[in-house]
Amino acid sequence: MIEVDHLHKVYGSTVALKDVSFRAEPGEILGFLGPNGAGKTTTMRILTGYLPATSGTAKVANYDVHTESMAVRQHIGYLPERPPLYPDMTVEGFLNFVGRIKGVAAGDRPERISHSIRRCGLDEKRSVLIRKLSKGFRQRVGIAQAIVHDPDVIVLDEPTSGLDPRQNSEVRELVRSLAGDHTIILSTHILPEVDATCDRVAIINKGHLVAAGKLNTLMSQLTGTSSYGYSVEVRGAPANVQGTLKAIPGVNSVELETSKSQKDSRYQFIVTATRKDHGEAIAAAIVQAGFGLCELRRHRVSLEDVFLNLTTEESIDESAAESETPTESRVEGSGEPAATDA
């Protein structure tokens, strides 16, 4: 549904995107991650037809973003980081306006507007002026305008920005409910949001795509094996405990977290092993050696570990390039500058 092949974007002498390629399959949610200035917003602008690429190809709903830009816009819904809203319109009036400019037939428009309002939890705000809404509700209106024409593809740039925890959870549920009927690409800095919402992830850094795939696959690639980690708190002499743990078959490493040592001789260790059922062997070895087992928890490499491992320190040049094109781009129909990577 989304196909990006060898995409390049150059601003003057600065390269913002370098040979970026990835896919999003029909009905799935793709998390698009990267540090500030990595190229996320540039990529999204190219996919939505707001910005031309220097070279390479991109297709959305089987339409080429370069040669069939208007067809792409008819099949895509876009929420920039700063929603393109008219503050002096009511919620319903704004969605009616957006439906008209997106080509929703007059006979279908009331149903599509009501559907979008209901899906985004805006029933009680239907007749309220947008300028009177909180930031969280404005964000919901932004999502509603992205789905009012029932697009095949939805592009969301930081959709939970400014929401409180309850609204954040509701928007996550909304995004998940849209999958299947729509292909969604979700850009966010909130890693747990990606972990809880997305089917696959693509990570970009300094204009390069550094990883793409299912999260479990990326975690296995990061560790080089299906390695499992255990956090163990033990009462006993650290050197003796460490020796006992290292002697367990299948244990790869044992590290003492010195910052978490306690006065009553309780110490925290991080143990990595090759199987997820090593917890029982670890507990048995500690007890048999006469140490006090205070706590044992299993964990795997997290999305944060993957992200930090694959993204290095940011380049000033890339941040400058990502901030904007030489001639400032504007969100279509809003009169406002398009949002940059935050």
Side-chain angles (χ1 to χ4, degrees), residues 41 44-45 47-50 60-61 69-164 166-179 181-187 328-340 342:
T41 293
M44 287 189 165
R45 290 180 185 172
L47 289 176
T48 52
Y50 291 144
V60 174
S69 177
M70 293 308 297
V72 167
R73 298 181 193 205
Q74 292 171 358
H75 290 82
I76 203 167
Y78 181 36
L79 173 66
E81 183 179 355
R82 186 167 57 192
L85 307 177
Y86 286 114
D88 292 325
M89 283 186 170
T90 64
V91 171
E92 185 174 16
F94 173 69
L95 293 178
N96 183 63
F97 167 74
V98 172
R100 288 174 57 196
I101 64 174
K102 290 188 175 183
V104 179
D108 297 333
R109 210 174 298 145
E111 180 182 350
R112 289 303 313 163
I113 292 170
S114 295
H115 176 79
S116 299
I117 286 175
R118 184 171 61 254
R119 292 294 294 272
C120 296
L122 292 166
D123 296 272
E124 297 181 359
K125 307 295 182 181
R126 179 186 291 262
S127 301
V128 177
L129 292 176
I130 292 175
R131 62 181 170 85
K132 294 184 178 181
L133 297 176
S134 67
K135 185 176 181 180
F137 275 109
R138 291 186 186 188
Q139 197 75 2
R140 292 181 183 220
V141 176
I143 297 174
Q145 65 81 30
I147 67 174
V148 69
H149 58 304
D150 194 24
D152 295 315
V153 175
I154 302 172
V155 178
L156 304 175
D157 195 352
E158 302 288 346
T160 58
S161 175
L163 303 185
D164 61 37
R166 180 181 60 81
Q167 292 174 326
N168 195 319
S169 177
E170 291 173 352
V171 170
R172 288 184 188 179
E173 290 296 327
L174 169 60
V175 172
R176 281 196 291 264
S177 72
L178 293 172
D181 296 328
H182 310 269
T183 301
I184 301 171
I185 180 168
L186 170 66
S187 173
E328 189 178 56
S329 173
R330 293 184 174 272
V331 176
E332 187 172 301
S334 69
E336 294 185 359
T340 60

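Treat the numbers as computed from the prediction; the structure is a model and nothing was measured.
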Close side-chain approach of [X] to [Y], heavy-atom, < 4.5 Å:
| X | Y | result |
| --- | --- | --- |
| Asp123 | Arg118 | yes |
| Arg119 | Ile143 | no |
| His182 | Asp150 | yes |
| Cys120 | Ile147 | yes |
| Val141 | Pro83 | no |
| Arg112 | His115 | yes |
| Arg140 | Lys125 | no |

Straight-line distance of [X] [atom1] to [Y] [atom2], nearest 0.5 Å:
| X | Y | atom1 | atom2 | answer |
| --- | --- | --- | --- | --- |
| Ile130 | Leu95 | CD1 | CG | 7.5 Å |
| Asp157 | Thr48 | CG | OG1 | 9.5 Å |
| Ile154 | Tyr78 | CD1 | OH | 14.0 Å |
| Glu81 | Leu79 | CD | CG | 9.5 Å |
| Ser116 | Glu111 | OG | CD | 10.5 Å |
| His149 | Asp108 | NE2 | CG | 13.5 Å |

Asn96-Arg100 side chain donor-acceptor pair, cut-off 3.5 Å: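 Side chains of Asn96 and Arg100: no pair found under 3.5 Å.
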Residue pair Ser69 / Arg73, side-chain donor-acceptor N/O under 3.5 Å: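 Ser69 vs Arg73: donor-acceptor pair found between side chains.
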Search all heavy atoms of [X] against all heavy atoms of [Y] and return the closest pair with its distance.
| X | Y | result |
| --- | --- | --- |
| Ala146 | Pro151 | O-CG, 3.4 Å |
| Val155 | Met44 | CG1-SD, 3.7 Å |
| Gly121 | Phe137 | O-CE2, 3.8 Å |
| Gln139 | Thr160 | NE2-N, 4.3 Å |
| Ser187 | Pro159 | O-CD, 3.8 Å |
| Phe94 | Met89 | CA-SD, 3.6 Å |

Arg131 side chain vs Asp88 backbone, donor-acceptor pair below 3.5 Å: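 No; judged by distance alone, with no hydrogens or angles, the pair does not exist.
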Test item: Lys102 side-chain N/O and Gln145 main-chain N/O as donor-acceptor pair under 3.5 Å: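 Checking the backbone N and O of Gln145 against the side chain of Lys102, a donor-acceptor pair under 3.5 Å is found.
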Residue pair Val148, Ile113: steps toward the side-chain contact (heavy atoms from CB on, under 4.5 Å) verdict: CA-CA 6 Å; Val148 69; Ile113 292 170; 4.3 Å; yes
For His75, ring pair (Phe, Tyr, Trp, His ring centres under 6.0 Å) partners two or more places apart: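 Partners of His75 by the ring pair (Phe, Tyr, Trp, His ring centres under 6.0 Å) criterion, ordered by chain and then number, come out as Tyr63.
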For Asp181, all residues meeting side-chain contact (heavy atoms from CB on, under 4.5 Å), sequence neighbours excluded: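 Partners of Asp181 by the side-chain contact (heavy atoms from CB on, under 4.5 Å) criterion come out as none, since no residue qualifies.
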